[in-house]
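Report on the structure given below.
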Amino acid sequence: MSSPTTTEYVTLVSYDGYEFKVLRSAACLAGTIKRSLDPSSGFREGAENRVSFTNINGVTLEKVCEYLYYNQKHAESKDVPDMEIPPELCLELLIAADYLDV
Amino acid sequence: MIAGRGRQRIRPPRRGLHGEEIDFENTWAVIESAFREIHTKNASRLSYEELYRHAYRVVLKKKGEELYKRVRDFEHGWLSNEVRGSIQALFSPNLLASSQAVGGTTANERRVAGEKFLKGLKQAWGDHQICMSMLADVLMYMDRVYCQDHHRPSIYTTAMILFRDDILNSPTSDVDGREVLELLNHVILDQIQMERDGDVIDKHLIKSCVHMLDSLHQDDIEAEDQRLYNASFEAAYLDTSREFYRLEADLMLRDSDAGAYCRHTRRRIYEEEERCRSTLLDVTQPKIQKVVEDELIKNRIHELVEMESGVRFMIDNDRLDELNLIYDLNSRVDDKKAELMRAIQKRIVEMGTDINNAAIAASQAPAPAVVEASDKGKGPLPEKSLNQQTVAAIKWVEDVLALKDKYDTIWDKSFKQDQPLQTALTRSFADFINSPTFPRSSEYISLFIDENMKKGIKGKTEMEVDAVLEKAIILLRYVQDKDLFERYYKKHLCRRLLMNKSISNDVEKQMISKMKIELGNNFTLKLESMFKDMTISEELTSGFKKHVEGLGEKDPKRIELAINVLTSMTWPLETMDNGDDAEGHRPRCIYPPAIDRIKRGFEKYYNEKHSGRQLTWLGNMGSADIKAVFPRVPQKDGSFKERRHDLNVSTYGMIILLLFNELPADQHLTFEEIQAQTNIPRTDLIRNLQSLAVAPKTRILIKEPMSKDVKPSDRFTFNEGFQGKFVKIKVGVVSSGNKVESDRERRETEKKNDDSRGFCIEAAVVRIMKQRKELSHQQLVIETLNQLVGQFKPEVGMIKKRIESLIEREYLERIEGARTDSYRYLA
């Protein structure tokens, strides 16, 4: 196992090669990401602090990241403003959300 | 909503997330090999995302059930083939031997083998947990979608159940039918037993195994109380502990003393508490605590308390620490501490009865001492024995106080000032002090105070005096029949005042004010008025003196008179004479003319000041100072001169002596002559003659024949050869001091007491009825008892009799036709 250090940021990679550096705390809102990075399990992702998704494209992943931050930001506030979601992304986002356990 | 946006169309995902058909077998092969890697701890080469995606796809393809089953089978296979083998490899002969019989292997070998086994099991369990949590992570999508939809337990739970079934519930060996779980329990218990025997064991290790048991359940329903820990281990633990402590209690009770037993028990309790914290689970603590308490305390407390070295021994030897332990232990199992309380009460009553008996014995068996004394030919016999009784009385009080001190210390130091126990102590004290076989407590306490007033407080500081008085009050608190005490106290106080025996009036008053606080105003009213009488009498005396001087008749032979005028209602004068004069009237004593004159003078003076009052002269209580001249008579030591003595004698003594004044030296008077000339009551006369003619130091008269008893035929002459060491001689009248009553006197006192109680009861009944007008019999009795509780505890029969008498005298009437017996007050 290479250095299992936990960094502040983790990298999320879409299948079409876009990389997103995201705050670990935000990324871990997604159950799948959280589990893949769990240092106690010691999967490859955990060691590299990098998760690649072979079934999510860059646009969707970007929206996912946006949502993760959005969620973290408003986690404890009330009267949260709606998040803009383009309708054409809806279905893919839904699937991604299901996959990522958000 | 989205559709309402019009032209914008929701496009299907561009690339098949669940794209092309996947081959389940191939995918499973990938997953399975990955799982193997995980189990062999090679996960770092695996991509979580990839595995997750595979599982995700399988589930999306509705193959969730297949996958679930495969995973379960895989785990089952892994556990039964790999893990079980490694666990079985840990079974050593020592370990297995330990489970059958203790013989053959040493504790140390057993401990090492046991620890090895526990370590292996813990390792296997830990690995299984980690692997399964990783597997569960990978299979998260399956858990979320498939398991929830189909109400299956999550894969993690399933795997844990598999661990239970395949490892813990597997037989230890082919021959031995026992399961690993059973062995595990046994090993843990064995280890704990070793610790109890003083070994050091790996608590942490056991704790982790215990945690394993705690996280597994007996069946698949996972009810809270069906954890393996509760269902399998804890019960066994409690059972073995119970057995262990039962045997230990047997052993301890047989081999060691109660103190050691208590200390040991307390240590055990702490140990078990500590064990639950460090080795087992906290939930067990109250249970094991109860087991220990049951076995070591509850079932044994009786034996423990009754042991030869039990409570009794501890009390007798002031083992405060041990008593504290017992108290502590008993209060664990019993809020009321009934056993301890019972033992203590029993001991108090025992000790109290001992004191009572000792006092009775001391007062009733003065015979040998007296025989001795009379052999030596000393002192008059009755005085001796009476003194002895007084000594017994004082000793009784002091013993009781010592006992009280002792128990107060115990209560304070050992019983944490426990309230119910204090009540019990008080009750026990009251029990033996008021015990019907020992009716003298009131009298003894009063005597004790009397003694202290007369002698005891001499040379003591105020503080000490106060302490003594306080003690007397404490005892008084226990006494039920306070009226009896009042009667005695009055009598004793009366003697003290009239004979000037009291050392300090201040202390007397202090005592009375103490009693006032304790027993209320009513109680001390008469005592206080006794003091008032004394003061008034002093004034009267000096007034009379002036009056006489004012008359101006100078008489060289004038007799000075000091007088005490006593209110007959407040002073217990009737108790002062000895009840001989059953006729009821006091025979008038004939005073010599010189005395008679001054007596009349005072009567006249008094009647001038207070008209309508009748004075009755009580010769038996006064005293007189006489100057006596003894003529020149050859002495034993050859001296030949006149001697003058100031004689302090009782009034009667003075009257007797004055008779001899007028008698020629060689003449004598018989007893009957003296009685005829003076009219002194017979018993008083005997006593006075005894002190004048029998007591060796004050033999002013010579009696013929010489004997101790005074008989009517005895003759008396003036002892011209009398010789005294001092100029002033006090002629004590036999039995003039305060002392224990004889039985006859006691009956007398009790009878009088009963009479006055009768009045008290009647008064109380009338008071109650006046207020209530109508009342049922039962209630009336209760209220009467309540009213009188501060004075004495009347018998119900007596109350009944009094009510009858009140009805006869038409204070009350029965209410006709009432359902219960009721009375109405007749104004």
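Below, all heavy atoms of this structure are taken into account, side chains as well, without hydrogens, waters or symmetry copies. All chains are named by letter (A, B, ...) in the order of the sequence lines, taking the proteins before the strands, and each is independently numbered beginning at 1. The structure presented is a predicted model; accordingly, all values stated were derived computationally and were not measured.
Although no hydrogens or angles enter the test, the distance criterion places a donor-acceptor pair under 3.5 Å between the side chain of B:Arg144 and the main chain of A:Asp98. The main-chain N or O of A:Glu45 is never found under 3.5 Å from a side-chain atom of B:Glu49 such that the two would form a donor-acceptor pair.
Here CE of B:Met140 is found 9.0 Å from OH of A:Tyr99. Values are rounded to the nearest 0.5 Å.
With a 4.5 Å cut-off on side-chain heavy atoms, B:Arg53 and A:Phe53 do not count as touching. The closest side-chain heavy-atom distance from A:Asp101 to B:Tyr141 is not below 4.5 Å.
The local environment of CD in B:Glu32 is crowded, with over 12 non-hydrogen atoms from other residues, nucleotides or ligands closer than 6.0 Å. The neighbour count for B:Lys207 NZ, taken as heavy atoms of other residues, nucleotides or ligands under 6.0 Å away, is above 12.
If you measure heavy-atom distances from B:Ser47 to chain A, the contacts under 4.5 Å come from both the backbone and the side chain.
Side-chain contact annotation: B:Tyr52 with A:Thr32, donor-acceptor N/O pair under 3.5 Å present.
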